[in-house]
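Have a look at the structure below, then the notes.
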Amino acid sequence: MLLNYNPQEIEKKWQARWAADHIYEATENSNRPKFYALTMLPYTSGDLHIGHWYAMAPSDVYARFKRMQGYNVLHPMGFDAFGLPAENAAIKHGIHPHVWTMRNIEHMRDQLKRIGAIYDWNREMITCLPEYYRWTQWFFLKFYHAGLAYRAKAPVNWCPECQTVLANEQVLGEGCCERCGSQVTKKDLEQWFFRITRFADELLDFSHLDWPERIKTMQRNWIGRSEGAEVSFKLEREDIKPEGIKVFTTRPDTIFGVSFFLLAPEHPLVSQLVAPERRDEVERYVAWCRRQSEYERTAVGKEKTGVFLGSYVINRLNGEKIPIWITDYVSLSYGTGAVMGVPAHDERDFEFAKKFNLPVRTVITPPGCSSKKPMEEVYSETGIMVNSGEFDGLPSEQGYNAICDLLESRGWGKRTVTYRIRDWLVSRQRYWGAPIPMIYCNKCGIVPVAEEDLPILLPSDAEFKPTGESPLKYCQSFVNTTCPRCSGPARREVDTMDTFMCSNWYFLRYTSPKSDGAPFETEKLKYWMPVDLYTGGAEHAVMHLLYSRFFIKAIKYMGLVDFDEPFTRLFNQGTIIYLGDKMSKSRGNVVAPDKYVSELGADAVRAYLMFVGPWELGGEWSDSGFVGISRWLNRVWNLVGMDYVSQVTELAVEKEFLNVTHRTIKKVSEDLERFHFNTMLASLMEFTNYLSKIQESGNVSVLLWQQAITYLLLLLAPTAPHIAEELWAKTGHTYSIHNRPWPEWDEELVREEKITLVIEVNGKLRDKLLVPVSISEIEAKELALGQEKVKAHIEGKKISRVIYVPGRVVNIVAK
RNA sequence: GCCGAAGUGGCGGAAUGGUAGACGCGGCAGUCUCAAAAACUGUUGGGAGGCAACUCUCGUGUCGGUUCGACUCCGACCUUCGGCACCA
């Protein structure tokens with residue numbers, strides 16, 4: 001009999017041994033196939049909570065499973081260390097962000113080590129250290145030189161709480177800041193952008209990716225590709241410079257239905273086009289629009305507003321004079337900032353027309369409806385063209401092309417594609433980030449820092465109060481420099497990079513973390529990339545996961561890598577809730593894993609997290625459920641530790657025993673492959689329960705028993721690595737279980753000899769019979785009809801059919 | 001409003017066209033104990049009948065449909081969660 005299961009002791013012992021023996025270190029010179037399993041790196045907030053474990057434990061289990069299956073596995077870990085919380089903590093508590101961050105990392109690394117994962121700590125990577133951000137800056141320069149980074153003035157998102165600009169992707173629904181939740185406002189500022197739009201079409205290609213449909217849909221919606229036409233409407237007044245204004249429309253086939261013309265209130269031509277007598281009213285309206293938040297302006301269901309400018313455009317297709325209005329439902333940032341109003345066939349235009357009594361003209365009728373009468377409701381589908389001059393009678397799909405052809409031949413417009421996605425704003429007015437390696441010279445203008453001058457170190461002595469301006473601006477020793485081109489006095493860029501730039505390429509760095517002359521060693525990168533399995537939360541769908549795809553496509557375009565997608569397979573785990581709610585500091589229901597690890601062990605925490613439900617759906621933390629898992633590990637401990645005494649061996653029992661053993665190997669293997677961790681554990685528990693019964697009866701040989709125990713431990717090893725290793729040693733095996741191959745099942749032994757045949761009458765269960773697998777259809781039917789319980793239910797009825805499903809069911813249909 | 005996921009015992013969940021509720025928690029009963037806890041064993045969806053082995057019946061958000069047979073497929077709806085949202 002063994003001593004009691006003492007997880008604290010054995011977990012400490014084996015973690016030390018694995019580290020000392022470097023058994024989880026990954027090398028490139030292996031003849032095994034490579035497998036790169038990656039979990040999204042944690043932000044250095046200070047404490048790992050059970051949500052982090054929920055992301056990390058199952059992915060480690062899968063990585064361990066792949067490792068035992070014979071793959072050369074890379075499963076690294078690091079820290080996303082730049083970002084606002086560090087700076088905010090610094091402001092609040094007077095600790096330097098660097099000190100705060102590094103202290104948190106120390107603590108989190110200790111917590112992470114207690115998980116018992118196969119992380120190769122030699123490859124640890126911290127994004128806020130100069131040896132890392134040097135290369136983040138290097139990439140910025142590469143983007144600049146490739147024409148993919150540019151500086152421009154634009155209306156940008158401004159978070160008044162964080163005192164910095166944000167990318168569009170970082171403004172969540174209802175116009176809230178992704179970090180702090182405050183209402184974001186708009187500011188006109190000159191900022192750095194990355195040309196993600198250039199890759200919009202490539203980013204829509206998911207054909208080689210095994211990603212959840214949900215994320216692909218979110219990215220597709222975010223990119224928002226629309227095909228249509230750009231059409232120029234002629235200005236009636238001829239004293240104005242451009243002679244026409246362009247609109248974007250997805251329905252050029254409705255162009256004969258235009259009855260008004262709309263501009264965004266901020267459209268640059270508004271001030272020229274407004275008639276003198278309407279100027280006051282227009283200016284008042286524009287000012288009113290500007291006062292509204294972005295969210296208020298774009299809210300659906302809002303009553304339409306607008307003002308007539310007092311001037312007109314000409315619809316070149318029919319020569320009609322169309323009044324120009326401005327309205328807040330047209331935004332300058334999409335399409336051309338101008339819209340042709342077709343009230344009969346667009347919901348919004350219809351509302352606008354109703355509100356301001358503008359004419360509604362039907363130009364498309366539903367197929368089969370010949371009436372040319374104005375319709376009561378908006379019809380936004382395709383149909384037959386009417387009131388459209390020479391195009392009358394054409395189906396609108398053909399009319400679309402015919403009108404485009406006409407526009408193109410006359411030079412009035414052309415087919416085009418518009419995207420919803422905007423270029424990625426990457427500069428931030430904050431201190432704790434990688435400085436943007438650019439210099440402003442009065443003579444030479446914007447000059448990039450030379451590659452050999454990297455890293456541009458973040459000064460440690462900057463004042464970082466949130467003033468709305470970059471803290472680095474006031475750090476003279478940082479700002480003042482010389483121009484790399486003319487050597488005259490110059491100023492450094494004082495903005496830092498969005499932290500999503502750091503997480504764009506960290507998975508490349510893991511392949512050669514000590515690389516000194518380049519961000520990565522190409523040979524090692526070629527060996528490991530792309531990531532075979534990437535796991536993490538779905539909240540990064542249109543931020544990190546989109547940016548990283550763009551980043552890889554961009555550096556492939558530059559010739560730096562030869563693959564064009566970073567993550568071949570993506571999996572999003574669900575959320576762990578506690579006391580019926582999502583865990584959060586404000587709700588005060590955060591579960592800290594440390595206490596549970598100390599009490600019942602990391603193996604139990606790992607196993608419990610995988611047992612609470614399907615990984616992709618999340619689950620609820622429950623203290624009593626957790627105790628249940630620990631009880632099971634205890635049962636395993638006792639089962640394996642107790643001497644097995646063979647009593648009378650029975651051939652039938654031994655057969656069944658082998659069958660159960662191999663069925664379990666199969667089930668566990670298949671469930672692991674599909675991330676069905678909860679049912680994998682259930683089958684391991686069933687196996688344990690079964691073994692307990694056999695242990696009591698002693699009906700199988702010692703040899704079979706020992707074999708089964710060996711399998712049990714191997715199957716348990718990825719989930720509960722410490723207890724498996726301990727019991728492996730205690731049962732006389734050689735170290736280490738984690739270097740053993742994954743067991744294979746024998747299909748011959750999985751096959752059952754007897755099956756339970758279900759007998760139904762009119763689809764209702766009436767009897768169950770244990771029959772040989774080989775039973776014929778005729779035998780099965782006869783057997784079923786002969787059963788007493790069946791007879792009682794078919795008495796006096798006429799049997800119309802008997803359905804037989806081999807190995808499953810006989811259903812007697814009787815009336 | 002649109003898109004996606006989900007809805008099953010007291011609870012977490014299992015079963016993806018063929019035995020609904022695997023496995024675990026909780027409950028109940030028992031063993032051990034002076035007693036309790038722990039551990040172990042048995043039992044546990046609701047209702048009705050039976051001394052009993054057992055039998056019948058209802059039951060997977062709601063309503064309909066397809067099928068010999070539906071938690072599973074189809075249609076409509078309700079609820080919860082996530083995402084998007086005047087995108088021309």
Side-chain angles (χ1 to χ4, degrees), chain A residues 4 172-174 212-218 220-222 224-226 228 247-251 254 262 264 295 297-304 327-331 333-342 346-349 351-352 418-421 538-539 541-542 572 574-575 577 582 607-608 611-614 616-629 631-632 634-635 638 676 678-689 692 696 756-768 789 792-793 800-814:
Chain A
N4 285 337
L172 305 184
E174 318 203 348
E213 219 38 65
R214 175 162 117 249
I215 304 291
K216 291 194 279 187
T217 304
M218 281 167 75
R220 262 186 223 114
N221 290 343
W222 185 259
R225 185 181 199 273
S226 301
V247 296
F248 173 72
T249 177
T250 54
R251 294 296 299 274
T254 64
L262 298 167
Y295 175 63
R297 259 186 76 165
T298 58
V300 168
K302 208 184 92 172
E303 201 182 337
K304 294 283 175 284
T327 177
D328 63 352
Y329 81 81
V330 172
S331 72
S333 60
Y334 183 79
T336 59
V339 168
M340 59 182 213
V342 185
D346 182 283
E347 192 74 46
R348 296 151 300 172
D349 296 347
E351 279 175 43
F352 192 83
T418 292
Y419 301 89
R420 194 187 102 98
I421 193 172
E539 67 274 17
V542 292
N572 301 114
T575 331
I577 56 170
K582 202 169 169 170
Y608 180 64
F611 190 64
V612 287
E616 68 271 26
L617 296 181
E620 176 146 17
W621 180 271
S622 130
D623 287 10
S624 57
F626 170 62
V627 170
I629 282 284
R631 276 208 284 256
W632 169 63
N634 256 298
R635 282 206 302 277
N638 293 330
H676 289 196
N678 55 335
T679 50
M680 170 204 71
L681 279 163
S683 74
L684 276 179
M685 287 174 184
E686 275 178 276
F687 190 44
T688 313
N689 295 343
S692 299
E696 230 167 274
T756 307
L757 189 67
V758 171
I759 315 296
E760 296 176 351
V761 177
N762 293 330
K764 283 194 173 146
L765 175 84
R766 293 305 174 193
D767 207 355
K768 295 180 212 174
K789 288 172 189 167
H793 286 98
S800 54
R801 273 175 86 179
V802 180
I803 285 137
Y804 174 62
V805 182
R808 294 243 180 230
V809 71
V810 175
N811 187 13
I812 299 156
V813 187

Which is true for [X] with a 4.0 Å heavy-atom rule: it touches a base, it touches only sugar-phosphate, or it touches nothing?
| X | value |
| --- | --- |
| A:K302 | base |
| A:H676 | nothing |
| A:R420 | base |
| A:N689 | sugar-phosphate |
| A:N678 | sugar-phosphate |
| A:S624 | sugar-phosphate |
| A:G224 | nothing |
| A:E686 | sugar-phosphate |

Out of B:G13, B:U19, B:G18, whichever nucleotide has its closest atom nearest the side chain of A:L765: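 So the side chain of A:L765 is nearest to B:U19.
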Give me the distance, rounded to whole Å, that separates B:A37 from B:U33 when you measure between the C1' atoms they each carry.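 One C1' to the other, the span is 10 Å.
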C1' atoms of B:G82 and B:A20, separation to the nearest Å: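 Per the computed distance, 29 Å lies between those C1' atoms.
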Holding to ring pair (Phe, Tyr, Trp, His ring centres under 6.0 Å), I want the full list of residues that pass it with A:Y608, two or more places apart in sequence or in another chain.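 Ring pair (Phe, Tyr, Trp, His ring centres under 6.0 Å) check on A:Y608 returns A:W621.
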Would you find more than 12 non-hydrogen atoms of other residues, nucleotides or ligands less than 6.0 Å from A:R808 atom CZ?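 It does not: A:R808 CZ has 12 such atoms or fewer within range.
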Base-pair string, RNA chain B, Watson-Crick plus G-U, cut-off 3.5 Å on both distances, | for inter-strand, is (((((((..(((.....[....)))((((((.......))))))(((((....)))))..(((((..]....))))))))))))....
OP1 or OP2 of B:C56 sitting under 4.0 Å from any side-chain N/O of A:R766?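 Yes.
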Please state whether the phosphate of B:A6, meaning OP1 or OP2, lies under 4.0 angstrom from any side-chain nitrogen or oxygen of A:R214.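 So the side chain of A:R214 is outside the cut-off, no N or O lying under 4.0 Å from OP1 or OP2 of B:A6.
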Minimum side-chain heavy-atom gap A:M685-A:F611 below 4.5 Å: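 Yes, close enough: below the 4.5 Å cut-off.
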Given RNA chain B, 5'-ward residue of the pair A:R348 and A:V758, judged by closest heavy atom: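 The answer here is A:V758.
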By nearest nucleotide on RNA chain B, pick out whichever of A:G619 and A:T756 is the more 5' one.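 Here A:G619 is the residue nearer the 5' end.
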Any sub-3.5 Å donor-acceptor pair from A:N762's side-chain atoms to A:A814's backbone N or O?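 Checked: pair present.
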Which way is the base of B:G64 turned, syn or anti, if we draw the line at 90° from 0?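 B:G64: anti.
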